[in-house]
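Labels below follow one simple rule: chain letters A, B, ... track the order of the sequence lines, proteins then strands, and each chain is numbered from 1. Computed from heavy atoms alone, side chains included, the values below leave out hydrogens, waters and symmetry copies. In this text the structure is predicted, and so the values were computed from the model without any measurement.
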2 protein chains.
Amino acid sequence: MAKAEMGHDHAHSYEAPTKLTRNQSMVFSALREQEKPLTAYAILDRLRGDGLRAPLQIYRALDKLMEKGLVHRLESLNAFVACQHEACSGHSTVAFAICENCGLVDEIEDEAVNREIERVSRERGFLPTRATVELKGLCAECR
Amino acid sequence: MAKAEMGHDHAHSYEAPTKLTRNQSMVFSALREQEKPLTAYAILDRLRGDGLRAPLQIYRALDKLMEKGLVHRLESLNAFVACQHEACSGHSTVAFAICENCGLVDEIEDEAVNREIERVSRERGFLPTRATVELKGLCAECR
DNA sequence: TCGCATATGTTATACTGTAACGCAACCGTT
DNA sequence: AACGGTTGCGTTACAGTATAACATATGCGA
């Protein structure tokens, strides 16, 4: 994955792997250290010692990290989690299985689920650009 | 008191239609008059003329309406929409196709999508209690 | 270098949702 | 009808989530 750190030649076919800024890498680290999803304000609390003070600093970093596919937002929790794959470039839909007991999140990429979502959209003439699939329940450890 | 969580097959009949309270029916009417989802505060604004003043009045009514299956919450919008079926109180998962152009929402109940979600959960030992499936894109009219 | 796009810092504010309290209406039992 | 439990209602205050607006700084390409 070490790629084009010194962007000299722009082959525009893949997404450009840009280096993270200081705030972005602090926010990303905070999320990676935690297995569980964190709200923006929880991230802020962890980073106050590192000089971050305002929610906007967190939200801006999160926006960029999501663009890069390094972080996902869990709509049903208003929280954010580090991608468990190698940077989901965002093309394929991912589902999240969220344990209501321990809080762990499993990131699921499943071909058949995506295919059925595509089919049901097509059947209705709906042209999807983004899908949110979040399951709440009990994980294998907690059930 | 305990209702069956799954496999409750009232295909067409509506079940135990408890009467709505005054606030509940005002909130429900506000949602039905609108094709599009409304936030709690948008509902409140529409009902100020009818004597409602506080967000909590809206949220309490919404909670009950969701319990009854008359209203759904759209997590990705922080908004609420009237059920398009006859009270989805059967706990089958519904998906929502949300048009990013016109704001219309199509409520989709699809067997195959649900089956694949069940399967992928089972494969990972995850025991789901609730699923959120929300698609963003362009509806048939707007594409 | 200049110029532009992006990143940052800060303050203030908007939007979304609950806690806690007391009172009122309803309902099933005496 | 009186009691007592449950649910609903109204209000104030507040917690939690997210963005607007503005100013400054930093990096990078022409």
Side-chain angles (χ1 to χ4, degrees), chain A residues 4-12 15-31 36-68 70-81 103 132 134, chain B residues 1-2 16-31 36-68 70-81 103 132 134:
Chain A
E5 284 296 316
M6 332 179 84
H8 187 258
D9 193 356
H10 293 82
H12 216 290
E15 68 175 278
T18 8
K19 195 168 177 298
L20 297 185
T21 67
R22 193 179 63 94
N23 287 1
Q24 287 163 22
S25 57
M26 288 196 294
V27 168
F28 189 45
S29 297
L31 280 174
K36 303 174 184 179
L38 292 174
T39 67
Y41 281 77
I43 296 169
L44 178 55
D45 287 342
R46 282 157 204 263
L47 295 178
R48 281 190 200 282
D50 299 314
L52 294 193
R53 302 152 188 276
L56 203 43
Q57 296 176 294
I58 308 300
Y59 283 109
R60 290 200 277 225
L62 287 170
D63 285 346
K64 293 301 182 185
L65 291 167
M66 286 189 293
E67 278 178 18
K68 297 172 196 289
L70 295 171
V71 164
H72 299 292
R73 177 192 174 87
L74 298 175
E75 302 284 358
S76 66
L77 298 179
N78 293 326
F80 303 85
V81 69
T132 299
E134 299 178 13
Chain B
M1 50 158 287
T18 33
K19 193 167 178 303
L20 297 183
T21 68
R22 192 179 64 94
N23 288 1
Q24 287 162 24
S25 59
M26 288 195 297
V27 168
F28 189 45
S29 297
L31 281 174
K36 302 174 184 180
L38 291 174
T39 67
Y41 281 75
I43 295 169
L44 177 56
D45 286 342
R46 281 157 205 263
L47 295 178
R48 281 190 200 281
D50 299 314
L52 294 193
R53 300 153 184 273
L56 205 42
Q57 296 175 295
I58 308 299
Y59 283 108
R60 289 201 277 226
L62 287 170
D63 285 346
K64 292 301 181 184
L65 291 167
M66 286 190 290
E67 278 178 18
K68 295 173 198 289
L70 295 170
V71 164
H72 301 291
R73 178 192 174 86
L74 298 175
E75 302 283 358
S76 65
L77 298 178
N78 293 327
F80 303 86
V81 68
T132 299
E134 300 177 13

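For B/Glu134 and B/Ser76, the side-chain atoms include at least one donor-acceptor pair closer than 3.5 Å.
Residues forming a salt bridge (Lys or Arg N to Asp or Glu O under 4.0 Å) with B/Asp45 (at least two apart in sequence, or on another chain): B/Arg48. For the side chain to side chain donor-acceptor pair (under 3.5 Å) test, residues two or more places apart in sequence or in another chain that qualify with B/Asn78 are B/Arg73.
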Enumerate donor-acceptor pairs with a distance under 3.5 Å from any side-chain N or O in residues 23-30 of chain A to protein atoms, sequence neighbours excluded.
from	atom 1	to	atom 2	distance (Å)
A/Gln24	OE1	A/Thr21	N	3.3
A/Gln24	NE2	A/Thr21	OG1	3.4
A/Ser25	OG	A/Thr21	O	3.1
A/Ser25	OG	A/Arg22	O	3.1
A/Ser29	OG	A/Ser25	O	2.8

Pairs under 3.5 angstrom only: tabulate donor-acceptor contacts from the side chains of residues 52-59 of chain B to other protein residues two or more places apart or in another chain.
from	atom 1	to	atom 2	distance (Å)
B/Gln57	OE1	B/Arg53	N	2.8
B/Gln57	OE1	B/Ala54	N	2.8

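With axes fitted over five pairs at each extremity, the angle between the ends of the helix from C/dT1-D/dA30 to C/dT30-D/dA1 is 30° (10° resolution).
Counting only residues at least two apart or in different chains, salt bridge (charged side-chain N to carboxylate O under 4.0 Å, His left out) contacts with residues 56-65 of chain B comprise B/Lys64-B/Glu67.
Taking only side-chain atoms of B/Gln24, from C-beta outward, the nucleotide of D/dG8, D/dT11, D/dG10 with the closest atom is D/dG8.
Rounded to whole Å, the distance from CD1 on A/Ile58 to C1' on D/dG16 is 15 Å. Following rounding to the nearest Å, B/Met26 (CE) and D/dC9 (C1') show an atom-to-atom distance of 11 Å. As a whole-Å value, the separation of A/Gln57 CD from D/dT24 P is 17 Å. A/Asp45 has its CG atom 10 Å from the P atom of D/dT17, to the nearest Å.
Residue B/Arg53 places no side-chain N or O under 4.0 Å from the OP1 or OP2 atom of D/dG10.
Proximity of A/Thr39 to A/Leu77: side-chain heavy atoms (C-beta onward) are nowhere separated by under 4.5 Å.
For DNA chain C, the contact window with chain B, defined by any atom under 4.0 Å from a protein heavy atom, covers C/dT16 to C/dA20 in 5' to 3' order.
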List, with names and distances, any nitrogen or oxygen atoms from the protein found under 3.5 Å away from nitrogen or oxygen atoms belonging to nucleotides 18-23 of chain D.
from	atom 1	to	atom 2	distance (Å)
D/dA18	OP1	A/Arg73	NH1	3.2
D/dA18	OP1	A/Arg73	NH2	2.3
D/dA18	OP2	A/Tyr59	OH	3.0
D/dA18	O5'	A/Tyr59	OH	3.4
D/dA18	N7	A/Tyr41	OH	2.8
D/dA18	N6	A/Tyr41	OH	3.3

Using atom names, set out every protein N or O paired with an N or O of nucleotides 25-27 of chain D below 3.5 Å, distance rounded to 0.1 Å.
none

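Contact between A/Ala79 and A/Pro37 at its shortest, heavy atoms only, is CB-CB, 3.9 Å.
With rounding to the nearest 0.5 Å, the separation of CG in A/Leu31 from CG in A/Leu62 is 6.5 Å.
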